[in-house]
Amino acid sequence: MNPRFKQSERFRDRLLFVQEFLRHPRQVASVVPSSRCALKRIVEGASIRQASTVVELGAGIGGTTRALLSAMRPDARLLSIEINPRFHAHLSRMDDPRLIAHLGTAVQLEKNLADYGLDSPDAVVSGIPFSAMDQESGCEIVEAIASRLAPGGHFLAYQVSTRVEQLARPFFPSPHVEVVYLNVPPLRIFRWTKPAANG
Ligand SMILES: C[S@@+](CC[C@H](N)C(=O)[O-])C[C@H]1O[C@@H](n2cnc3c(N)ncnc32)[C@H](O)[C@@H]1O
């Protein structure tokens, strides 16, 4: 692709992200998409290369989606759930047979997995702002992740706030936490691993 065209496309994507942040600040929760450094830590932290089913919650303009797809196996599947119709429309233009782009809320995770006939995910990667969500929805999402995640699978949440840690306490053992300073603003990456069936 022509580098100029690529640059202007990146500019348009970023503009869309800012516009949607201004329209729905609590839902989008960030003025800029996750940095390259954060994407690398997310992909590595969730062991995406080994996964056969991956779920992404809150794809935005698809930077995380692209990073996940470029690390995933050719036979793996990615269900990407995004609540914002403009972000979803953008995501749907991604041409990758492994990707299922779904317009809807993360609260419907269990139903979506069943509707698309997907196995228990090996990784759930989430950028949705748990801090801006009501307690009931947050709990429902984390409980569904804990129950549907494959044994040995990872739930990784990249967040500015620590609220998700409190929501996850009844359902998971303690998380591994890493801070990514090369991101605006700095991000915490929480990772929970579901105990393996025999452990
Ligand atoms: C902080 S942005 C992350 C975007 C992108 N993954 C990144 O890292 O740049 C949070 C995203 O979660 C989406 N979102 C918020 N609440 C959601 C929900 N309940 N279900 C699905 N997506 C949601 C927002 O529309 C937004 O795209």
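The residues of the chain are indexed from 1 along the displayed sequence. All figures in this text were calculated on a predicted structure; none of them were measured in a lab. As the structure lists them, so they are numbered: ligands from 1, and atoms in each ligand from 1.
- For F155, the ring pair (Phe, Tyr, Trp, His ring centres under 6.0 Å) criterion is met by F172, W192, not counting sequence neighbours.
- Identified under the ring pair (Phe, Tyr, Trp, His ring centres under 6.0 Å) test for residues 72-108, with sequence neighbours left out: F17-F87, H102-Y116.
- The only member of R26, R86, R14 that meets salt bridge (charged side-chain N to carboxylate O under 4.0 Å, His left out) when paired with E20 is R86.
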Side-chain donor-acceptor contacts of residues 74-81 below 3.5 Å, not counting sequence neighbours, with atom names and distances?
from : atom 1 : to  : atom 2 : distance (Å)
D75  : OD1    : R73 : NE     : 3.0
D75  : OD2    : R73 : NH2    : 3.3
S80  : OG     : E56 : OE1    : 2.6

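- Smallest separation of non-hydrogen atoms from G60 and E82: N-OE1, 2.9 Å.
- Judged by distance alone, with hydrogens and angles left aside, the side-chain atoms of K194 form no donor-acceptor pair with the main-chain N or O of H154 at under 3.5 Å.
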Check each N or O atom of ligand 1 against all protein N or O atoms and list the pairs under 3.5 Å, with atom names and distances to 0.1 Å, one per line.
from     : atom 1 : to   : atom 2 : distance (Å)
ligand 1 : 6 (N)  : G58  : O      : 2.8
ligand 1 : 6 (N)  : A59  : O      : 3.4
ligand 1 : 6 (N)  : T64  : OG1    : 2.8
ligand 1 : 6 (N)  : Y158 : OH     : 2.8
ligand 1 : 8 (O)  : S34  : OG     : 2.6
ligand 1 : 8 (O)  : Y158 : OH     : 3.4
ligand 1 : 9 (O)  : S34  : N      : 2.9
ligand 1 : 19 (N) : T105 : OG1    : 3.3
ligand 1 : 20 (N) : A106 : N      : 2.9
ligand 1 : 22 (N) : I83  : N      : 3.4
ligand 1 : 25 (O) : E82  : OE2    : 2.6
ligand 1 : 27 (O) : G60  : N      : 3.3
ligand 1 : 27 (O) : E82  : OE1    : 2.8
ligand 1 : 27 (O) : E82  : OE2    : 3.4

